[in-house]
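First comes the structure, then the notes that go with it.
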Amino acid sequence: MKNDRRHFLFAATALLAGAMLPAHAVAQLELQQPGALRVAVYANFAPYSARGKGIDIALGQALAQRLGLRAEFVEFTADENMSDDLRNMVWRGHYLGTRPADVMMHVPVDAHFAAENDKVEIFAPYHLETMAVARDPARVPRIAGSAANAFEVFTREKIGAEVDTHASDYLLQVLNGRLRDNVVHFPNVTDAVAALSRKEVAAVMSTRAQLEAALKDVPGYEIDSVTLPEMRVTGWPLGMAVKAEHHELAAALSGALAELQRSGDLVRIFSAHGVTHRTP
């Protein structure tokens, strides 16, 4: 596996080297520091970004290489809401002194949300995220679509969820709160999936990417995508954000992402982390 990963990285680097922006175009980009792309990613958020590894880290590196830049990452802890994160990491900087990044990853591409955050430009969707349930098929039948009654089984079986997430909120509210006694909370999805593998819970609810990555080396479980109409959560595209006036940088990053999509490198980045890429 390690040799395969090294081969992929070598091949990707060779492809990227042939597609860099010319020097005069790079010089026009609105960057914090010449020659470097400062990328903001969420901390402790596997499989996207955790301790210098993950999908958003690999994608940020690939985008920087496409632009002929060095990637520099700042991993930050989420604030009260994403608008706060955009303020802290994109257009103003954190009150503790962290300077803003050139681009922030993992931003939902949504017209209403964008209108509420007019100091940034949100663009370039690179993945469609969905909610899902990973389940032990011997204990839990397939959960179909958005039917709340499909969760009736969890009045009898326990289901895990990361604390303070959409999944947790939904499970505590659905079916008039009848699942509450069987919802088991964990600090993260990795711990929840570990409990699933120990048969302590019959299922885990989270985003599909997190479940796929956590279960990539754990056979015997099935994952069903679900929608949460009661919470207005179905699928949401993930994209990037830069300062509203940084039009050249947004255009360059959009172009670099398009090249990664055409070359198949974007799919390979997701696959390397055990996640199925879904086009927004």
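Side chains included, hydrogens not; waters and symmetry mates left out as well; all remaining heavy atoms used.
- At a cut-off of 3.5 Å, with distance as the only test, no side-chain donor of N188 or N44 sits close to an acceptor on the other residue.
- Around atom CG of N81, more than 12 heavy atoms belonging to other residues, nucleotides or ligands sit under 6.0 Å away.
- Although no hydrogens or angles enter the test, the distance criterion places no donor-acceptor pair under 3.5 Å between the side chain of S271 and the main chain of V267.
- Looking at F154 and V183, their side chains never come closer than 4.5 Å, going by heavy atoms from C-beta outward.
- Residue pairs meeting the salt bridge (charged side-chain N to carboxylate O under 4.0 Å, His left out) criterion with at least one partner in residues 270-280, sequence neighbours excluded, are E212-R278.
- Among residue pairs with one or both ends in residues 72-93, those qualifying as ring pair (Phe, Tyr, Trp, His ring centres under 6.0 Å) are Y42-F76; sequence neighbours excluded.
- Between Y170 and F151, the two ring planes are perpendicular [angle over 60°; tilted spans 30° to 60°].
- No side-chain donor-acceptor contact under 3.5 Å links R208 and T130.
- Annotation: salt bridge (charged side-chain N to carboxylate O under 4.0 Å, His left out) contacts involving residues 191-200, sequence neighbours excluded, comprise D136-K199, R198-E200.
- The side-chain heavy atoms of E152 and R178, taken from C-beta on, include a pair separated by under 4.5 Å.
- Using cut-offs of 30° and 60° for the angle between ring planes, the Y48 and H127 rings count as tilted.
- Residue pairs meeting the salt bridge (charged side-chain N to carboxylate O under 4.0 Å, His left out) criterion with at least one member in residues 33-56, sequence neighbours excluded: R38-E72.
- Scored by the salt bridge (Lys or Arg N to Asp or Glu O under 4.0 Å) test, R70 finds no partners at all (sequence neighbours excluded).
- Judged as a salt bridge (charged side-chain N to carboxylate O under 4.0 Å, His left out), not a single pair has a partner in residues 101-110 (not counting sequence neighbours).
- Below 30°, between 30° and 60°, or above 60°: for F270 and Y126 the angle between ring planes is between 30° and 60°, a tilted geometry.
- Counting heavy atoms from C-beta outward, E121 and H247 have side chains that approach closer than 4.5 Å.
- A donor-acceptor contact shorter than 3.5 Å is absent between the side chain of D224 and the backbone of R142.
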